[in-house]
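What follows is a single structure, written as structure tokens, with notes after it.
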Amino acid sequence: MTTRVKSWKIGREIGDAVAKASSNPNRRWYGPHMAASVRAISERIPLVDFVLEIRDARIPLSSEYDLLRKFSPFPSKRIVVLNKMELADPLELKKWMAYFQARNYLSYAVNSHNKECVKNFLNFLQSQVRELHKSGQFGHTTTMMLLGIPNVGKSALANSLHQIGRISAAEKGRLKHTTVSSQPGDTKDIMSLKIGSHPNVYVLDTPGVFPPKLLDAEICSKLALTGAIPDDITGETELARFCLTLLNSSHEYKKWAKLCKSPDVTGSLSNENSTSSSQRKRQYPTDHTQDFIVYDVRRVLYETISAFDGNLEDDISMGELIETQFAALRTVLRVTEEASEFADLRVASKILNLYRTGRLGHYTLEHASCLGRS
């Protein structure tokens, strides 16, 4: 679902907080390690055959790799890779692919956790390598550098390409792995992984890099919501409120109407095997990722939005709805703390996780159509 184009107050506050933090001399995301990474990456870009710019498919513009603007003309063949396509609105993703194609950008959308999708992407990369070898521009070994801001999935994609590439080539030996984490900034060094043979093809996984300062509050809010920036800079509770604001102002929740046909949604989902479903509920009452709890969350969100008679275009009214939702979500998420601030934090953490893993729908935070034909 493509979210409505509106500047919400909570989004502006989150964006301003990130922008302010980026101006702090002790800013966390541009410390000495990131400055060193920028120097190392800048030195290697002219030496590689391909640059794969990994962007987040939910924010194709805000996740642009700013460092590449310094290279003109660009020394390597550049491919814009929209990763995490499984989390984005499919219709909007098609528009973004058309947008890049119209501007002569070579682009590809991928889900780094889907083997078939990664295999197709690897075939695409190998076809690009063959084209370059036909032109006689390169030698036997081809190198591709993965570049991107923190937490766009570079390391996960590098590992998947390495694993599938080695299997396809029937090569033996120990697989290498780069560090994969949901926390931004965990990759510290450049690492080489082999993804193809005959000809040999290597990818270089690199640390995520931001500009020294982030000044655009709207971009900052999108980076924060998608997890590119550490949550504690803005706070999980505020991010979850922003997440619910976008969900409430979209039409994604209408898909969940069928969940309200039965008072007990878990009962309607467990007709075929009610025993196993009830066992799961008793055994893992606090695991918010289980299907029956996710369905309960969706049902509660649908009911609270549908029953709300306020103005969803108004920041104050939206805030009142979100307070109602937080209270209702404490029950379905099995949050029992008496102190409301701790209860809200636990609810927020779980809601953010469900949102960022696609369990609450597919959202694109930027509209290709709004950019016009410029």
Side-chain angles (χ1 to χ4, degrees), residues 1-2 50 52-60 63 79-98 100-101 105-129 144-171 175-184 186-187 191 193-197 201-206 208 226-228 252 255 288-291 294 298 352-366 368:
M1 177 62 63
T2 305
F50 290 86
L52 308 185
E53 183 191 358
I54 314 301
R55 301 192 190 187
D56 189 321
R58 297 167 294 178
I59 49 173
S63 56
I79 302 174
V80 176
V81 181
L82 298 183
N83 194 23
K84 303 187 180 184
M85 61 174 290
E86 74 280 8
L87 304 179
D89 172 25
L91 295 179
E92 192 68 17
L93 181 60
K94 291 181 179 179
K95 294 178 183 178
W96 276 111
M97 296 300 291
F100 287 117
Q101 183 179 8
Y105 277 88
L106 191 59
S107 60
Y108 199 97
V110 68
N111 172 1
S112 60
H113 301 290
N114 183 289
K115 289 185 177 180
E116 191 64 29
C117 188
V118 174
K119 185 177 180 179
N120 291 336
F121 181 48
L122 181 59
N123 291 337
F124 166 78
L125 293 178
Q126 290 172 337
S127 70
Q128 296 297 315
V129 171
M144 301 181 172
M145 179 176 278
L146 301 182
L147 298 176
I149 64 172
N151 215 21
V152 290
K154 297 183 299 299
S155 296
L157 183 57
N159 285 335
S160 296
L161 287 169
H162 175 54
Q163 181 180 28
I164 293 176
R166 292 289 299 275
I167 292 173
S168 299
E171 289 198 2
L175 287 172
K176 297 166 68 176
H177 293 280
T178 64
T179 301
V180 176
S181 171
S182 60
Q183 299 301 316
D186 273 6
T187 302
M191 184 173 183
L193 298 173
K194 190 175 184 179
I195 66 170
S197 300
V201 183
Y202 289 84
V203 293
L204 303 179
D205 183 32
T206 63
T226 54
E252 186 77 7
K255 299 178 182 179
H288 67 281
T289 65
Q290 292 182 99
D291 285 345
V294 174
R298 293 175 180 174
L352 269 181
N353 175 263
L354 294 178
Y355 173 79
R356 289 172 174 169
T357 55
R359 304 300 297 277
L360 297 182
H362 306 278
Y363 297 88
T364 299
L365 305 181
E366 296 175 333

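Side chains are part of it too, since the values below use all heavy atoms of this structure and drop only hydrogens, waters and symmetry mates.
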When rounded to the nearest 0.5 angstrom, what distance separates [atom1] in [X] from [atom2] in [Y]?
| X | Y | atom1 | atom2 | result |
| --- | --- | --- | --- | --- |
| M144 | L52 | CE | CG | 6.0 Å |
| I195 | L122 | CD1 | CG | 5.5 Å |
| L352 | T357 | CG | OG1 | 10.0 Å |
| E53 | S107 | CD | OG | 11.0 Å |
| L204 | L146 | CG | CG | 7.5 Å |
| K95 | L93 | NZ | CG | 11.5 Å |

Can you check whether [X] reaches [Y] side chain to side chain, under 4.5 Å on heavy atoms?
| X | Y | result |
| --- | --- | --- |
| Q128 | L106 | yes |
| V294 | T289 | no |
| T226 | L365 | yes |
| V110 | V81 | yes |
| F124 | I79 | yes |

Just by distance, do the side chain of [X] and the backbone of [Y] share a donor-acceptor pair under 3.5 Å?
| X | Y | value |
| --- | --- | --- |
| H162 | K194 | yes |
| R359 | R298 | no |
| D89 | T364 | no |

So, for [X] and [Y], which heavy atoms are closest and what is the spacing to 0.1 Å?
| X | Y | value |
| --- | --- | --- |
| T206 | M145 | CG2-CG, 3.8 Å |
| H288 | N353 | NE2-OD1, 3.0 Å |
| V203 | A158 | CG2-CB, 4.4 Å |
| D205 | S155 | OD2-OG, 2.7 Å |
| I164 | K119 | CD1-N, 4.0 Å |
| L82 | P60 | CD2-CB, 4.2 Å |

Taking side-chain contact (heavy atoms from CB on, under 4.5 Å) as the test, write out the residues that go with [X], two or more places apart.
| X | value |
| --- | --- |
| L87 | R58, K84 |
| N111 | M85, E86, H113, N114, C117 |
| S112 | N83, A156, L157 |

Geometric class of the Y108/F121 ring pair [parallel <30°, tilted 30-60°, perpendicular >60°]: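 Tilted: the ring planes of F121 and Y108 meet at 30° to 60°.
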